[in-house]
S.K.: 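Below is one structure. I have some questions about it.
Computation of the quantities below employed the complete heavy-atom set of this structure, encompassing side-chain atoms and omitting hydrogens, waters and symmetry-equivalent molecules. First listed ligand is number 1; within each ligand, the first listed atom is number 1.
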Amino acid sequence: GCEEGIDRGEAEDFIRLYHAENPSAGSVKPRLREVAREISQTGTYTHTPGELAFGARVAWRNSNKCIGRLYWKSLRVRDRRHVDTADGVAEECVEHLRVATNKGKIRPTVTVFAPDRPGEQAPVIWNDQLIRYAGYRRPDGSVVGDPANVEVTEAAVRLGWRGRGTRFDVLPLIIEAKGTPALRGLPAEVVLEVPLRHPSFRWFADLGLKWHAVPVISNMCLEIGGIRYPCAPFNGWYMGTEIGARNLADADRYDQLAVVAERLGLDMSHDRTLWRDQALVELNVAVLHSFEEDGVAVTDHHTEARRFMLHLEKEERSGRVCPADWSWIVPPLSGAATPVFHRYYDDVELTPAFVRRDRNQS
Ligand code: HEM
Ligand SMILES: N/C(=N/c1cccc(CO[C@@H]2CCNC2)c1)c1cccs1
């Protein structure tokens with residue numbers, strides 16, 4: 001849209017969408033006039049609480065890469081648009097973790113902080129998730145912890161943070177408010193973690209692996225009707241494959257497949273023995289078993305795929321296109337063993353949306 005102000009067309013489209021899907025919101029004309037007036041007077045406009053909550057839920061519904069959209073209407077929206085300091089953002093992120101974790105009965109939640117406004121800088125969180133494990137690069141180039149987080153770990157160290165040096169040190173938040181980045185640690189009581197063990201192999205617990213219960217994406221921008229909310233952390237629950245087939249399995253992450261295959265006693269002499277594939281399955285069995293035994297919400301990729309097929313049907317019945325990106329929707333383990341593999345999708349980009357914030361900008 002135009003640099004200095006709001007894209008009026010996007011604002012009007014969103015207000016019309018809101019009234020079309022929420023008849024109880026009253027007539028659309030007066031609200032359209034009010035919004036147009038506010039934009040011409042201030043260069044922006046303010047969503048009502050109802051518009052904000054609907055906009056956040058539809059942004060989830062429009063997320064092409066998300067397999068978990070069946071429950072889009074139940075998203076809990078925490079309206080914190082008045083919060084724009086590092087302390088305020090930190091306190092509300094801690095409360096977000098408490099409310100969303102709910103002792104393991106995870107509640108999909110988004111907290112919406114101050115929007116971009118002409119002449120005012122909205123706060124942003126540099127971490128891509130609220131809970132991330134530090135990655136320490138050693139002189140020989142090897143990494144202790146999560147290699148995906150080496151850059152943000154080095155940024156935290158530059159700002160004065162010192163970790164304990166374990167493979168699972170929880171990073172502090174780096175919150176940039178009014179142009180200044182600040183460190184804010186997370187209290188341990190809001191960081192629920194699950195130690196990983198396997199239902200059949202007792203040696204698995206000795207690998208010392210664990211993962212955090214709640215994924216809260218904190219580096220995406222929520223765009224609603226031309227308004228940008230650059231700080232709007234949102235969480236769901238994990239699909240097991242994210243942890244077992246990517247975070248702990250990828251060679252450029254925790255790289256555990258050879259470790260697991262070794263302990264399983266597999267023939268690792270050639271790829272064609274499929275030792276990687278057997279290790280993958282047992283790693284994913286361990287993740288699902290450990291989360292379930294600890295009462296922490298998680299879904300397997302078969303269940304999640306089936307739910308997504310149901311979501312597609314429901315959207316069709318509602319007369320809406322359900323945008324989806326096949327390459328993200330199909331799980332990274334056993335893709336063709338799930339129904340989402342065996343069809344095409346319409347990968348159109350709709351708004352409201354959660355969009356990647358450009359890394360080089362604030
Ligand atoms: C409730 C359970 C949920 C599950 C199981 C789920 C599952 C997933 C998975 C597996 C991905 C792909 C992630 C990857 O491959 O790295 C994803 C992507 C995504 N999800 Fe969901 N999701 C859930 C809830 C939510 C909620 C509540 C929101 C927002 C309000 C959301 C928004 C998104 C977005 C925007 C992406 C794409 C992220 C990107 O472009 O990097 N999801 N989801
Ligand atoms: N289960 C989840 N998984 C993800 C959802 C969105 C993004 C991500 C992480 O994406 C990174 C960028 C590409 N893969 C890793 C993970 C959720 C997080 C927040 C709500 S649901």
Side-chain angles (χ1 to χ4, degrees), residues 52-78 93 96-97 99-102 105-112 125 127-133 146-149 152 211-224 229 231-250 252-254 284 287-288 291 296-308 310-311 322-335 338 340 347 349-359:
L52 183 75
F54 172 76
R57 290 174 182 132
V58 173
W60 179 12
R61 186 178 83 192
N62 289 341
S63 299
N64 305 44
K65 300 177 173 115
C66 181
I67 191 173
R69 287 177 272 173
L70 180 59
Y71 306 121
W72 67 272
K73 283 181 183 166
S74 65
L75 179 68
R76 303 162 84 88
V77 181
R78 302 176 69 242
C93 285
H96 181 123
L97 281 166
V99 163
T101 305
N102 190 29
K105 199 161 176 19
I106 296 171
R107 298 183 283 204
T109 307
V110 60
T111 299
V112 187
I125 295 170
N127 317 56
D128 64 323
Q129 289 192 33
L130 295 190
I131 303 171
R132 293 273 77 181
Y133 296 121
D146 193 340
N149 301 323
V152 69
W211 205 257
H212 57 95
V214 188
V216 192
I217 303 302
S218 47
N219 68 343
M220 294 190 83
C221 180
L222 172 54
E223 292 190 351
I224 301 173
Y229 297 94
C231 192
F234 61 87
N235 76 280
W237 49 77
Y238 268 116
M239 183 159 80
T241 49
E242 299 180 74
I243 303 166
R246 300 303 311 277
N247 301 346
L248 296 177
D250 284 359
D252 63 351
R253 298 293 298 281
Y254 282 80
N284 280 274
V287 169
L288 293 169
F291 271 62
V296 176
V298 70
T299 45
D300 66 85
H301 46 298
H302 303 284
T303 303
E304 209 57 39
R306 190 171 46 253
R307 286 180 183 159
F308 186 64
L310 183 57
H311 173 65
C322 176
D325 174 341
W326 192 98
S327 67
W328 278 66
I329 294 291
V330 175
L333 175 64
S334 309
T338 71
V340 294
D347 194 11
E349 292 193 351
L350 305 179
T351 67
F354 286 99
V355 299
R356 296 280 187 78
R357 259 192 357 243
D358 299 323
R359 299 179 74 82

S.K.: Does Arg69 reach the side chain of Ile329, with side-chain heavy atoms less than 4.5 Å apart?
M.R.: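 Side-chain contact under 4.5 Å: yes.
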S.K.: Could you check whether any side-chain heavy atom of Val340 comes within less than 4.5 Å of a side-chain heavy atom of Pro331, counting everything from C-beta outward?
M.R.: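 Yes; the side chains approach each other to less than 4.5 Å.
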S.K.: Using heavy-atom distances only, which candidate in Phe234, Tyr71, Trp237, Phe354 approaches atom 2 (C) of ligand 1 most closely?
M.R.: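 The residue whose heavy atom sits nearest atom 2 (C) of ligand 1 is Trp237.
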S.K.: When you measure from the side chain of Arg107 to the backbone N and O of Val99, does any donor-acceptor pair fall under 3.5 Å?
M.R.: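 Yes, the answer is positive, given that a donor and an acceptor are paired below the 3.5 Å cut-off.
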S.K.: Regarding atom 27 (C) of ligand 1: of the candidates Ile217, Asn219, Asn235, which has the closest heavy atom?
M.R.: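 Ranked by closest heavy atom to atom 27 (C) of ligand 1, first place is Asn235.
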S.K.: Looking only at protein heavy atoms, which one is nearest to atom 18 (C) of ligand 1, and how far off is it?
M.R.: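 Of every protein heavy atom, Lys65 O, 3.5 Å lies nearest to atom 18 (C) of ligand 1.
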S.K.: Which protein non-hydrogen atom lies closest to atom 2 (C) of ligand 2, naming both residue and atom, and how far is it?
M.R.: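 Ranked first by proximity to atom 2 (C) of ligand 2 is Glu242 OE1, 3.5 Å.
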S.K.: Taking all atoms of both residues into account, what is the closest heavy-atom pair of Ile106 and Ala213, and its distance?
M.R.: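 Between these two residues, the closest heavy atoms are CD1-O, 3.6 Å.
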S.K.: Can you confirm whether Tyr229 sits close enough to Ile224 that some side-chain heavy atom of one is under 4.5 Å from a side-chain heavy atom of the other?
M.R.: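 Yes; the side chains approach each other to less than 4.5 Å.
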S.K.: Kindly state whether the ring of Tyr133 and the ring of Trp211 have centres lying under 6.0 angstrom apart.
M.R.: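 Yes, the ring centres sit under 6.0 Å apart.
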S.K.: Ignoring hydrogens, tell whether any protein atom lies closer than 4.0 Å to atom 11 (C) of ligand 2; use the non-hydrogen atoms only.
M.R.: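 Protein heavy atom within 4.0 Å of atom 11 (C) of ligand 2: absent.
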S.K.: Fit a plane to each ring of Phe291 and Tyr238, take the angle between them on a 0 to 90° scale, and name the class: parallel (under 30°), tilted (30 to 60°) or perpendicular (over 60°).
M.R.: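 Perpendicular, since the angle between the ring planes exceeds 60°.
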S.K.: Number the atoms of ligand 2 from 1 as they appear, then name those within less than 4.0 Å of a heavy atom of Gly236, with their elements.
M.R.: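 This gives 19 (C), 20 (C), 21 (S) as the contact atoms.
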S.K.: Looking at side-chain heavy atoms only, is the closest gap between Cys66 and Trp72 below 4.5 Å?
M.R.: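 Answer no - side chains too far apart.
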S.K.: What protein heavy atom is closest to atom 13 (C) of ligand 2, reported as residue, atom name and distance in Å?
M.R.: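 Answer for atom 13 (C) of ligand 2: Trp328 CH2, 3.2 Å.
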S.K.: Can you tell me the protein heavy atom closest to atom 35 (C) of ligand 1 and the distance?
M.R.: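 Ranked first by proximity to atom 35 (C) of ligand 1 is Ser63 OG, 3.5 Å.
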S.K.: To the nearest 0.5 Å, tell me how far Arg76 CZ sits from Asn235 CG.
M.R.: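 Answer rounded to 0.5 Å: 10.0 Å.
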S.K.: Give the residue, atom name and distance (to 0.1 Å) of the protein heavy atom nearest atom 12 (C) of ligand 1.
M.R.: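 The protein heavy atom lying closest is Trp328 CE3, 3.8 Å.
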S.K.: Considering the heavy atoms of Trp237, write down every atom of ligand 2 situated less than 4.0 Å from one of them.
M.R.: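 The atoms of ligand 2 under 4.0 Å from a heavy atom of Trp237 are 1 (N).
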S.K.: Any protein heavy atom sitting closer than 4.0 Å to atom 15 (C) of ligand 2?
M.R.: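 No, because not a single protein heavy atom sits under 4.0 Å from atom 15 (C) of ligand 2.
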S.K.: At a 4.0 Å threshold, what atoms of ligand 2 neighbour a non-hydrogen atom of Asn235?
M.R.: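 Numbered from 1, ligand 2 contributes 19 (C), 20 (C).
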S.K.: Among protein heavy atoms, which sits nearest to atom 39 (C) of ligand 1, and what does the distance come to when rounded to 0.1 Å?
M.R.: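 Protein heavy atom with the smallest distance to atom 39 (C) of ligand 1: Arg356 NE, 3.5 Å.
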S.K.: If you measure from atom 8 (C) of ligand 1 to every heavy atom of Ile67, Thr299, Leu70, Asp325, which option wins on shortest distance?
M.R.: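 It is Ile67 whose heavy atom sits nearest to atom 8 (C) of ligand 1.
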S.K.: Could you tell me whether the side chain of Arg357 reaches within less than 4.5 Å of the side chain of Met220, counting heavy atoms only?
M.R.: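 When only atoms from C-beta onward are counted, Arg357 and Met220 do not touch, as no gap falls below 4.5 Å.
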S.K.: To which protein heavy atom is atom 25 (C) of ligand 1 closest, and what is the distance rounded to 0.1 Å?
M.R.: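 Looking only at protein heavy atoms, the one closest to atom 25 (C) of ligand 1 is Trp60 NE1, 3.2 Å.
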S.K.: To which protein heavy atom is atom 9 (C) of ligand 2 closest, and what is the distance rounded to 0.1 Å?
M.R.: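 The closest one turns out to be Ile217 CD1, 3.9 Å.
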S.K.: Counting from 1, what ligand 2 atoms have a heavy atom of Pro215 closer than 4.0 Å?
M.R.: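 Near Pro215, the atoms of ligand 2 are 1 (N), 2 (C), 17 (C), 18 (C), 19 (C).
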S.K.: Tell me whether the centres of the aromatic rings in Phe308 and His301 are closer together than 6.0 Å.
M.R.: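 They do not qualify: ring centres at least 6.0 Å apart.
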S.K.: Please determine, by modelled atom types, if Glu304 and Thr299 share a side-chain donor-acceptor pair under 3.5 angstrom.
M.R.: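 Their side chains do contain a donor-acceptor pair, which is all the 3.5 Å distance test asks for.
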S.K.: Relative to atom 23 (C) of ligand 1, which among Ala245, Pro215, Pro331, Cys66 owns the nearest non-hydrogen atom?
M.R.: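 Going through Ala245, Pro215, Pro331, Cys66 one by one, Cys66 has the nearest heavy atom to atom 23 (C) of ligand 1.
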S.K.: Just heavy atoms, cut-off under 4.0 Å: does Glu242 contact ligand 1 by side chain, backbone, both, or neither?
M.R.: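 Answer for Glu242: side chain.
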S.K.: Select one of side chain, backbone, both or neither to describe which atoms of Met220 lie under 4.0 Å from any atom of ligand 1, heavy atoms only.
M.R.: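 It is the side chain that touches ligand 1; the backbone stays farther off.
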